[in-house]
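Below, chain A is the first sequence line, B the second, and so on; all start at residue 1. Heavy-atom basis, side chains included; hydrogens, waters and symmetry copies ignored.
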Number of protein chains: 2
Amino acid sequence: MASQLIRVLVQLRDLILKGEFAPGERLAEIPIAQKLGASRTPIRLAFSSLEQEGLLEPSPTGGYLIKRFTPREIADAIAVRGHLEGMAARLVAEHGPTSQLLTFLKDCLKEGDRILNKRTLNYDDSACYIEMNDRFHQLIVNGAENAALARAIELNNRLPYAAPSATMPMQQASGEEGREWLRHAHRQHLSLVQAMEHREGTRAQGLAEEHVQIARMNMRYAFERPDAFMPAFKLVADAVN
Amino acid sequence: MASQLIRVLVQLRDLILKGEFAPGERLAEIPIAQKLGASRTPIRLAFSSLEQEGLLEPSPTGGYLIKRFTPREIADAIAVRGHLEGMAARLVAEHGPTSQLLTFLKDCLKEGDRILNKRTLNYDDSACYIEMNDRFHQLIVNGAENAALARAIELNNRLPYAAPSATMPMQQASGEEGREWLRHAHRQHLSLVQAMEHREGTRAQGLAEEHVQIARMNMRYAFERPDAFMPAFKLVADAVN
DNA sequence: TAACAACAAATTGCATGCAATGTCAAACAG
DNA sequence: CTGTTTGACATTGCATGCAATTTGTTGTTA
């Protein structure tokens, strides 16, 4: 049995990212406590954590407000991820990836090949691709063996739509066009592994930085078509309203 | 009157950074609460915040432990700052700094000139330089106008010795040699402003990345001479013990 | 003598009571 | 009819009590 704090934290984060609360809305302790079946103490702890994650902002009068995100802020967070992952990729390349890391990375590539070679992609395939994609990015971050860098990336990834696969559901909804982008992303993965294997640090960094352009594309696409599948777009100001 | 939480948080952070607790030591709530004259509630909140800042780590059995830092981790955090400040400098250069930003930056440069032109540096001069240095770095971070980037830098700066002026007290203690490094840093500031003014993004990025080498130098210097003035070196494993 | 088990003390995590502060609304004055 | 003031209500922040888990110690047995 997980502690109340963990349970509340996970639930609250999900609720916020699913757009259950309006941006700018004030979060009161008692209603949330009743809704989640806990007392106010773990709720307060969770609010504090979510503030540091950047999902809540402290109200000047005390208490917390749901943070509102602009499209600009999301694009900026994606750019920061690109810059940090670029550093990670460069470090891996310069140190030379261990044979184990290389094996794991190539496992990811094989998995991507397998999925993209299918004629059509169902939901399971998408889920597998997302799992593989997250694993791939995580391998590079951990492979850089820089705790501060891993921490910075992890904290940045908690922002809405900043994490590697966060914008992929939108892509999947767009059918053939989205699949073409998936192929493109996969080719970049191939090049990136090649660069790291050959210790081409600058090339690896450049590829990783360029790689996030796909996420920015997905964002722009989602903005142009409000009917696309977008989990938490209520948090984004000027999105649909 | 500030809230108990704020007061406790600031005091605890100071105590930890001053090396009042041994790394790996378990922090019990009740003794701390008595020591700081507050109840356990704000203490728990403060522990949670300090965990997210990276100064405490959760114990598997519950409660918190003072985090131990290796010299490698500190060097890594400084490298991350260099990479992030490099991005900020590049963004400022590419967008072109506003005339106001440029004015403020050049004010910093003038202040640096004024201090370094003195024959000898007393404590006040050092304090002024540190204040100016922090202001200079902050101007660039804010000038990049990327909230996620500013956040990432701010979070990284909370790690011990990662912030811009965090390693300067060590430098000051080293007399003439330290002053020479200060001149070197100042010349880099001059070049950086010039690069940003002329919209030379790549040059600005490179200069900002190189700039943190001075901080790494200071760290190495401090390790070689344990008698240097080092506020929180107890947190660093293998430092003196 | 060493190892294991059982008990006691302490510590954490959670719930709740209370006081202080802030917020909203209604009523009154201009 | 509008602006202001006052009062009631709600909410936060803090303190503390309680139960559950962990830790340290002591006694017993092999």
Report the nucleotide, chosen from [options], that has the shortest atom-to-atom distance to any side-chain atom of [X].
{"X": "Thr61(B)", "options": "dA15(D), dG13(C), dT23(D)", "answer": "dT23(D)"}
{"X": "Arg40(B)", "options": "dT12(D), dA15(C), dG17(D)", "answer": "dG17(D)"}
{"X": "Pro42(A)", "options": "dA15(D), dC18(C), dC14(C)", "answer": "dC14(C)"}

N/O (side chain, Ser39(B)) to phosphate O (OP1/OP2, dA15(D)) under 4.0 Å: yes
Atom pair NE2/CE of His95(A) and Met196(A) - distance to nearest 0.5 Å: 13.0 Å
Distance, rounded to the nearest Å, where [X] contributes [atom1] and [N] contributes [atom2]:
{"X": "Leu5(A)", "N": "dA15(C)", "atom1": "CG", "atom2": "P", "result": "11 Å"}
{"X": "Gln4(B)", "N": "dA19(C)", "atom1": "CD", "atom2": "C1'", "result": "14 Å"}
{"X": "Tyr64(B)", "N": "dT11(C)", "atom1": "OH", "atom2": "P", "result": "17 Å"}
{"X": "Arg7(B)", "N": "dG13(D)", "atom1": "CZ", "atom2": "C1'", "result": "14 Å"}
{"X": "Ile43(A)", "N": "dG13(D)", "atom1": "CD1", "atom2": "P", "result": "14 Å"}

Hey, does the side chain of [X] reach the backbone of [Y] with a donor-acceptor pair shorter than 3.5 angstrom?
{"X": "His83(A)", "Y": "His83(B)", "result": "yes"}
{"X": "Asp125(B)", "Y": "Asn122(B)", "result": "yes"}
{"X": "Thr98(A)", "Y": "Leu101(A)", "result": "yes"}

Strand-adjacent residues in residues 26-35 of chain A, judged by heavy atoms under 4.0 Å from DNA chain D: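 Hits under 4.0 Å, by residue number: Leu27(A), Ala28(A), Glu29(A).
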Nearest atoms (heavy-atom pairs only) where [X] meets [Y]:
{"X": "Phe21(A)", "Y": "Ile16(A)", "answer": "CD1-CG1, 3.9 Å"}
{"X": "Leu5(A)", "Y": "Pro42(A)", "answer": "CD1-O, 3.7 Å"}
{"X": "Ala38(A)", "Y": "Arg7(A)", "answer": "CB-NH2, 4.2 Å"}
{"X": "Ile66(B)", "Y": "Glu57(B)", "answer": "O-OE2, 4.3 Å"}

Residues touching DNA chain C, which here means a heavy atom under 4.0 Å, drawn from residues 44-59 of chain A: none
Salt-bridge present (Glu53(B), Arg13(B); N to O < 4.0 Å): yes
